[in-house]
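Throughout, protein chains are lettered first and strands after them, A, B, ... in sequence-line order, and every chain is numbered starting at 1. Basis for what follows: all heavy atoms, side chains included, without hydrogens, waters or symmetry-related copies.
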There are 2 protein chains.
Amino acid sequence: MRRMTARPANTHQARLLRLLRDGGPNSRAQLGDRIDLSRSKLAVEVDRLLETGLVVADGLAASRGGRRSHNIRLAPQLRFLGVDIGATSVDVAVTNAELEVLGHLNHPMDVREGPVAVFEQVLVMAAKLRASGLAEGFDGAGIGVPGPVRFPEGVPVAPPIMPGWDGFPVREALSQELGCPVMVDNDVNLMAMGEQHAGVARTAGDFLCVKIGTGIGCGIVVGGEVYRGTTGSAGDIGHIQVEPDGRACACGNRGCLEAHFSGAALARDAEDAARAGQSAELAARLEAAGKLTAVDVAAAAAAGDPTALDLIREGGNRVGQVIAGLVSFFNPGLVVIGGGVTGLGHNLLASVRTQVYRQSLPLATGNLPIVLGELGPAAGVTGAARLISDHLFSPA
Amino acid sequence: MRRMTARPANTHQARLLRLLRDGGPNSRAQLGDRIDLSRSKLAVEVDRLLETGLVVADGLAASRGGRRSHNIRLAPQLRFLGVDIGATSVDVAVTNAELEVLGHLNHPMDVREGPVAVFEQVLVMAAKLRASGLAEGFDGAGIGVPGPVRFPEGVPVAPPIMPGWDGFPVREALSQELGCPVMVDNDVNLMAMGEQHAGVARTAGDFLCVKIGTGIGCGIVVGGEVYRGTTGSAGDIGHIQVEPDGRACACGNRGCLEAHFSGAALARDAEDAARAGQSAELAARLEAAGKLTAVDVAAAAAAGDPTALDLIREGGNRVGQVIAGLVSFFNPGLVVIGGGVTGLGHNLLASVRTQVYRQSLPLATGNLPIVLGELGPAAGVTGAARLISDHLFSPA
DNA sequence: AGGCTTTGTCCTGAGTGTGGAGAAAGTTGG
DNA sequence: CCAACTTTCTCCACACTCAGGACAAAGCCT
């Protein structure tokens with residue numbers, strides 16, 4: 001099957017494609033209300049898009065008191081691949097042009113196995129999605145990796161938790177294998193874009209998206225656009241010092257946020273508490289599974305275990321302390337918290353909120369929602385699809 | 001005398017005006033090299049600007065091997081007023097359209113005397129500058145205040161150190177008095193814009209500008225544009241907590257950065273040290289003046305006084321610790337340090353650098369200059385002039 | 001059936017912008 | 001001093017963009 005070859009010829013067409021992506025099917029008249037163009041000009045550009053095949057007119061909508069309108073929509077056979085490489089698992093999903101997830105696979109895998117092994121797995125999963133009939137091919141792919149990325153080239157740089165990936169040409173390699181355009185970004189940025197597209201951040205202009213998984217990172221959105229910093233490492237808050245002479249961190253320093261609270265740190269603390277006999281609940285789970293994860297701590301907390309609750313509360317205080325500083329500095333309109341520890345839920349959220357509302361000035365916190373992400377694992381892959389669609393839906 | 005009434009009619013004209021402002025006089029050909037327009041279209045827009053009087057063609061430049069070019073420049077009689085309200089003094093300056101400071105006055109004054117008294121003083125100073133022949137009137141004015149500002153309206157909101165200003169219609173009032181357009185911003189943002197226009201940040205895209213005066217604030221520039229946050233309080237880093245249960249701060253919290261280090265805190269610490277007999281040098285100065293300021297500490301340090309050096313070092317460590325966190329988060333391409341304590345100079349800078357380079361990841365600090373601002377008190381007023389010129393040099 | 005509404009198409013005219021021809025004004029070398 | 005060349009600037013013809021109005025198509029309601 002022939003995949004998408006055309007690109008919008010000008011900014012009007014690009015804007016129309018994004019309107020259709022974000023707003024679903026529309027009539028020409030509805031599009032006209034949302035774009036600053038005359039009806040005549042709009043009609044010309046829509047016609048050109050129809051010619052390219054990027055957009056189709058299928059069927060008529062119900063009348064709204066007059067002539068029925070044509071349904072203009074993005075070509076229904078368009079498919080994007082969203083890939084989210086986490087520290088301990090890989091998510092791969094296929095979406096349509098409106099970025100709705102049609103199929104989603106997850107596979108546990110350590111990112112430290114290196115790019116070659118991970119890519120092999122990604123391609124297997126992509127093939128599986130294709131075989132299931134959800135896609136005959138991919139028109140573009142977005143991929144997120146858990147570390148800083150030199151964005152224009154799509155190459156990870158100096159990633160602390162995935163040393164084997166340093167300088168690996170992710171974009172080029174995946175583009176070769178899949179035969180379609182590929183864009184690469186930090187996994188946290190993709191989560192932010194996912195929540196922006198279909199989650200809690202739909203209406204936010206400036207917001208922060210804190211992802212707490214194995215590590216901790218923060219997506220920064222300024223005026224609707226992801227901010228990546230000068231070298232692509234913006235949002236790398238896991239190594240902000242929260243305790244002078246605190247715990248040793250993998251990065252070589254002491255007292256980093258990540259060393260004191262993250263999915264990995266929480267699991268370790270829980271295991272320590274279990275072995276020290278502080279919690280029968282956690283000890284039982286450790287006995288059963290041989291190890292503990294953030295999910296176990298969440299379950300123990302839900303069961304009312306005071307040690308687990310303490311661990312979560314203390315962790316929330318740590319993150320909250322850092323977020324309070326970021327809120328003072330950045331003055332966002334929204335803070336989203338997501339990642340693997342979302343299961344810790346409102347216990348975590350409560351202590352984060354307490355810290356932020358107590359430590360930041362009222363002007364910055366007065367009208368500041370601090371909420372959990374609502375997309376869960378779909379945030380990353382949705383964001384990945386949005387990344388590549390942003391790229392393809394802009395003039396060549 | 002008639003002041004500037006015309007505004008650029010389109011974005012081309014606006015871009016031309018800014019090119020002339022930032023690059024000085026130019027021929028049509030030189031302008032053509034810096035703008036993406038054909039020579040013919042360029043000529044048309046330049047002619048229209050000449051008609052409005054915003055731009056003049058005076059004289060011919062030396063030949064560069066062919067026909068001599070006309071010097072195109074901004075109207076030489078254009079005048080902007082730059083006002084920088086500090087916590088303890090007021091700066092007022094007049095600039096030409098290229099934002100060169102033609103005259104600059106400073107007057108010690110406590111901002112807590114309130115907007116009415118301060119405005120009176122500002123108008124006296126503006127009149128003095130006019131009387132000296134530097135200006136016959138003002139085509140626009142920019143004004144900075146030491147607190148958050150609701151930018152679109154030009155109104156201070158909930159400013160901690162200047163309670164009497166809350167909600168005072170600064171923009172409207174000053175515009176009435178001066179009879180010209182006025183824009184209002186936070187003083188820190190103006191310092192950033194000043195250093196961006198004519199100082200160390202001329203080539204920086206994303207940078208931070210930390211101003212340490214009576215308080216501490218931080219200007220944030222993203223892609224060349226000042227970022228002000230959702231409620232105008234972005235960069236308000238003075239109340240980030242640096243020590244749990246630390247010193248009491250005027251804001252009601254404990255352990256704020258500003259309480260531990262700032263011009264005010266430094267002066268107080270120095271006085272305490274002098275009274276405690278820890279430093280003969282500082283004691284002598286306290287004796288002489290009845291009080292100490294950051295300038296005294298700088299002088300004592302320059303004279304080799306170890307107590308003063310310690311105070312500066314310790315303060316630098318505090319700020320450095322916060323800046324390290326911001327660098328990890330924001331990944332700027334440059335950090336500028338300015339404000340009243342610039343006199344502490346390289347002693348301060350050294351400890352800030354040590355903290356940042358030690359605590360932040362190499363990817364973020366690898367190529368990160370941390371430098372002192374080079375404009376001193378001119379940064380604020382230059383930034384103020386730039387603020388209003390940005391406003392006037394954009395389509396109406 | 002007739003009037004009204006909504007949707008979509010067509011056409012004209014104003015304005016925007018490009019590129020080339022060429023005039024104006026200078027330098028350089030013989 | 002003249003011819004050749006360079007740089008700067010102006011003028012003009014042509015293509016393209018885009019808005020707005022007229023009008024046709026297709027529906028609803030009475």
Side-chain angles (χ1 to χ4, degrees), chain A residues 6-20 23-74 394-396, chain B residues 6-20 23-74 394-396:
Chain A
R7 290 278 289 275
N10 56 42
T11 51
H12 297 318
Q13 294 186 12
R15 286 193 56 201
L16 286 169
L17 291 173
R18 292 179 191 208
L19 277 177
L20 289 170
N26 261 304
S27 67
R28 286 177 176 83
Q30 284 171 313
L31 288 171
D33 294 340
R34 300 188 184 182
I35 198 172
D36 189 27
L37 273 182
S38 66
R39 280 198 308 273
S40 36
K41 179 61 179 165
L42 176 84
V44 169
E45 297 298 350
V46 169
D47 285 347
R48 288 182 188 164
L49 283 174
L50 288 169
E51 278 172 32
T52 66
L54 281 175
V55 153
V56 297
D58 60 343
L60 297 172
S63 166
R64 296 192 305 170
R67 175 174 171 176
R68 293 165 67 190
S69 62
H70 294 272
N71 263 334
I72 308 291
R73 64 170 71 207
L74 290 166
S394 49
Chain B
R7 288 278 288 276
N10 56 41
T11 52
H12 297 319
Q13 293 184 13
R15 287 192 55 202
L16 285 169
L17 291 173
R18 291 178 191 209
L19 277 177
L20 289 170
N26 262 304
S27 66
R28 287 175 176 83
Q30 284 171 312
L31 288 171
D33 294 341
R34 299 188 184 182
I35 197 171
D36 190 27
L37 273 182
S38 65
R39 278 197 306 276
S40 30
K41 180 62 179 167
L42 176 84
V44 169
E45 296 299 349
V46 169
D47 285 349
R48 289 182 188 164
L49 283 174
L50 287 169
E51 277 172 31
T52 67
L54 281 175
V55 153
V56 297
D58 60 342
L60 298 172
S63 165
R64 295 191 306 169
R67 174 173 171 178
R68 293 165 66 191
S69 62
H70 294 273
N71 263 334
I72 308 290
R73 66 170 69 209
L74 290 166
S394 48

J.: Check the pair A/R48, A/E51 against salt bridge (Lys or Arg N to Asp or Glu O under 4.0 Å), reporting the backbone distance first and the verdict last.
T.: CA-CA 5 Å; A/R48 288 182 188 164; A/E51 278 172 32; over 6 Å; no
J.: Tell me which nucleotide among C/dT9, C/dG26, D/dC9 gets nearest to the side chain of B/S27.
T.: D/dC9
J.: Minimum heavy-atom separation for A/R18 and A/S394, please, with both atom names.
T.: NH2-CB, 3.5 Å
J.: For DNA chain C, which residues in residues 48-59 of chain A have a heavy atom at a distance below 4.0 Å?
T.: none
J.: Using side chain to side chain contact (heavy atoms under 4.5 Å, CB included) as the criterion, list what pairs up with B/A57, not counting sequence neighbours.
T.: B/L50, B/I72
J.: Rounded to whole Å, please give me the gap between CG in B/D33 and C1' in D/dT7.
T.: 12 Å
J.: Apply side-chain hydrogen bond (donor to acceptor under 3.5 Å, both in side chains) to B/T52 and list each qualifying residue two or more places apart in sequence or on a separate chain.
T.: none
J.: Between B/Q30 and A/L37, which residue's closest nucleotide on DNA chain D lies nearer the 5′ terminus?
T.: B/Q30
J.: Are any of A/H12's side-chain N or O atoms less than 4.0 Å away from OP1 or OP2 of D/dC18?
T.: yes
J.: Taking atom C1' of C/dT6 as reference, at what distance in whole Å does atom NE2 of A/H70 sit?
T.: 12 Å
J.: Among C/dG8, D/dT10, C/dT9, find the nucleotide with the atom closest to the side chain of B/R28.
T.: D/dT10
J.: Round to a whole Å and report the spacing from CG of A/D36 to P of D/dT17.
T.: 17 Å
J.: Of the non-hydrogen atoms in A/P8 and A/A14, which two are nearest, and what is the gap between them?
T.: CB-N, 3.6 Å
J.: Which atoms form the tightest heavy-atom contact between A/N71 and A/P25, and what is the distance?
T.: OD1-CB, 4.2 Å
J.: For nucleotides 28-30 of chain D, tabulate all protein N/O to nucleotide N/O atom pairs closer than 3.5 Å, reporting atom names and distance.
T.:
none

J.: For B/R15, give me all partners under side-chain hydrogen bond (donor to acceptor under 3.5 Å, both in side chains), at least two apart in sequence or on another chain.
T.: none
J.: From A/N26 CG over to A/R73 CZ, what is the distance, rounded to the nearest 0.5 angstrom?
T.: 10.5 Å
J.: Are A/R28 and A/L31 packed together at the side-chain level, in the sense that at least one heavy-atom pair is separated by less than 4.5 angstrom?
T.: no
J.: Between A/K41 and A/D36, is there a side-chain N and carboxylate O pair less than 4.0 Å apart?
T.: no
J.: Between C1' on C/dC10 and CG on A/L42, what's the gap in Å once rounded to a whole number?
T.: 15 Å
J.: How long is the line joining CG of A/D47 and P of D/dC18, in whole Å?
T.: 15 Å
J.: Going by the side-chain contact (heavy atoms from CB on, under 4.5 Å) test, name the single residue among B/L74, B/L16, B/L20 that passes it with B/L49.
T.: B/L16
J.: Please list, for nucleotides 19-23 of chain C, all pairs of protein and nucleotide N/O atoms separated by less than 3.5 Å.
T.:
{"from": "C/dG19", "atom 1": "N7", "to": "B/S40", "atom 2": "OG", "distance (Å)": "3.3"}
{"from": "C/dG19", "atom 1": "O6", "to": "B/S40", "atom 2": "OG", "distance (Å)": "2.7"}

